[in-house]
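These notes concern the structure reproduced below.
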Amino acid sequence: MLNKNKYCVRFFPVGEGIKGGDAILIELYDTDDNPYVFLIDGGYNKTGESIIAYLKKKYENPVICMMINTHPDKDHLSGLKTILEDKKIEVEEIIMNRPWKDGGLKPEHFKDKRITHNSLADRIKESFSLADEIEQLASNRDIKIKSADRGKELIPGVLTILGPSKSFYKKHLLSSDKTPESYLEEWNKPYVRTTMSEDDYDPQNGIIEWFDEEETSEVNQTSLVILLEVGSEKFLFTGDAGKGALRDAFKYYEDELGGNVKDFTVIQLPHHGSRKNIDPELLERLAPNSFIISCPPDGVKEGHPSRRLINKILEINSNHKIYVTQKHNFVFHKGVEIKASPQNPQGINKKMDGKPN
């Protein structure tokens, strides 16, 4: 039986320069003080090496009970591959969606009549080659992979997948430029970077202007949204989920599980603090104690975190606490002695000036 009043949630810094990612290590304990380790994403290869070093230093025989991948981008998967290649780290099971297997995609969805079931799987595996490598490594080590179905209680009453639904996941895979052209032409839209001028941004002039037409990539929309409930805390992990994915997960949590999104106490802002993944309407529904952003050291140059987003959050509530990882671990913990310095990386408690992003 888990002791919900003893836990450690560690956000590893991911990336260098402007390239970031996610890697979150969760350590839970039972009433006999036995540890249980869970990992959500693994960042890049160097992140995986850092996680390995941490686990080997702390545990004589490191075991990851559950390795979870939110979506198959290399800044979330590469470190998981590095960990799986180290056979001194035991991994009991992997939770991840494999687009060629879990998307429900069939040849009849696509315009190219030459596509067969086998060729479709091969083409999608090629598009998501790193996820395919993960599957092969898991198979070689006899590690079972389970699909990440919404509503699945990874740990009953503690760790739950809130999204995406199967239909939402399928729709955005078909929308992705990583799958063949479907019959719905408007679904196959490539990701287009949006640029703005400095004239769009005036932090001294009241309301922060917002651009609702901006969207994240379709693959990001397939990202898992996960809830961790320990003690009095409710952690929401969002990966790179977009606005549609968050609305879908919030609706499920409130309508099906009877929760209230205002009860989330710690929220990881999606996609390293990008403005394309969340909007003011969603932000106004939330009332966490803390926002945390997994972002690279120089990510602000590329909108990670977005100045516009930070300023909008503080416009909505100037008392919101916003923390960023950048170069340091960030640790939420209770009942656990932590040896790390610094404990609290940079906090943002005032509006950010500079070129808009």
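Bear in mind the structure is a predicted one, so any value in this text is a computation, not a measurement.
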Are [X] and [Y] in one and the same hydrophobic cluster, where Ile, Leu, Val, Met, Phe, Trp and Tyr link if side-chain heavy atoms are under 4.5 Å apart?
X	Y	value
Y44	L39	no
L80	I64	yes
I51	V336	yes
V14	I18	no
Y252	L282	yes

Between [X] and [Y], does any side-chain donor sit less than 3.5 Å from a side-chain acceptor?
X	Y	answer
H76	D240	yes
Y59	E27	yes
K334	N5	yes
D22	Q268	yes
N69	D41	yes
T116	S119	yes
N45	S78	no
D102	Y169	no
N220	S217	yes

Give a yes or no on whether [X] atom [atom1] has more than 12 heavy-atom contacts from other residues, nucleotides or ligands under 6.0 Å away.
X	atom1	result
K144	NZ	no
K125	NZ	yes
E126	CD	no

TODO: Give the ring-plane orientation class for F11 versus F237, where under 30° counts as parallel, over 60° as perpendicular and anything between as tilted.
DONE: tilted
Open item on the list: Students often mix this up, so state it plainly: with edges at 30° and 60°, are the rings of H271 and H304 parallel, tilted or perpendicular?
Closed with: tilted
TODO: Please round to the nearest 0.5 Å and tell me the distance separating atom CG of L236 and atom CZ of F250.
DONE: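 Here the rounded value is 5.5 Å.
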Donor-acceptor pair, side chain of [X] and main chain of [Y], under 3.5 angstrom:
X	Y	answer
E153	T160	no
S165	F168	yes
R285	K262	no
S318	L314	no
S223	V219	no
T265	P288	no

Of the non-hydrogen atoms in [X] and [Y], which two are nearest, and what is the gap between them?
X	Y	value
A23	G43	CB-N, 3.9 Å
I292	F332	CD1-CE1, 3.8 Å
T82	I52	O-CD1, 3.9 Å
L77	H71	CG-O, 4.4 Å
I115	F110	CD1-CB, 3.8 Å
F235	V230	CE1-CG2, 3.8 Å

- [ ] Let me see the working for E16 and K46 under salt bridge (Lys or Arg N to Asp or Glu O under 4.0 Å), right down to the final yes or no.
- [x] CA-CA 10 Å; E16 299 174 350; K46 285 187 177 180; 3.1 Å; yes
Is [X] salt-bridged to [Y], going by a charged N under 4.0 Å from an acidic O?
X	Y	value
K251	E256	no
D149	K166	yes
E284	K312	no
E215	K276	no
D279	R247	yes
K81	E133	yes
R114	D112	yes

TODO: Take I313 and I322 through the side chain to side chain contact (heavy atoms under 4.5 Å, CB included) test and state the conclusion after the steps.
DONE: CA-CA 9 Å; I313 290 171; I322 307 169; 3.7 Å; yes
Task: Working for side chain to side chain contact (heavy atoms under 4.5 Å, CB included), residues L25 and F38 - done: CA-CA 6 Å; L25 192 74; F38 303 82; over 6 Å; no
Open item on the list: Could you go through H320 and F291, starting from their C-alpha distance and side-chain angles, then the distance that decides it, and tell me whether this counts as ring pair (Phe, Tyr, Trp, His ring centres under 6.0 Å)?
Closed with: CA-CA 8 Å; H320 273 317; F291 286 106; 5.1 Å; yes
Task: Verdict with supporting geometry, D132 and W100, side chain to side chain contact (heavy atoms under 4.5 Å, CB included) - done: CA-CA 9 Å; D132 183 35; W100 58 90; 4.2 Å; yes
- [ ] Report yes if some heavy atom in the side chain of L137 is under 4.5 Å from a heavy atom in the side chain of I143; otherwise report no.
- [x] no
Open item on the list: So I161 and V225, do their side chains get closer than 4.5 Å, heavy atoms only?
Closed with: no
Task: Evaluation steps, salt bridge (Lys or Arg N to Asp or Glu O under 4.0 Å), between K234 and E229 - done: CA-CA 5 Å; K234 292 188 176 184; E229 301 176 81; 3.7 Å; yes
- [ ] Measure from NZ or CZ of K178 to the centre of the six-membered ring of F128, then state whether that distance is under 6.0 Å and the direction lies within 45° of the axis.
- [x] yes
Task: Six-ring centre of Y29, K6 cation under 6.0 angstrom, axis tolerance 45° - done: yes
- [ ] Check the pair R150, D248 against salt bridge (Lys or Arg N to Asp or Glu O under 4.0 Å), reporting the backbone distance first and the verdict last.
- [x] CA-CA 11 Å; R150 173 152 80 184; D248 180 62; 2.9 Å; yes
TODO: Test L159 against every option in I95, L227, L28, L154 by the side chain to side chain contact (heavy atoms under 4.5 Å, CB included) rule and name the one that passes.
DONE: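 Of the listed options, the one satisfying the test is L154.
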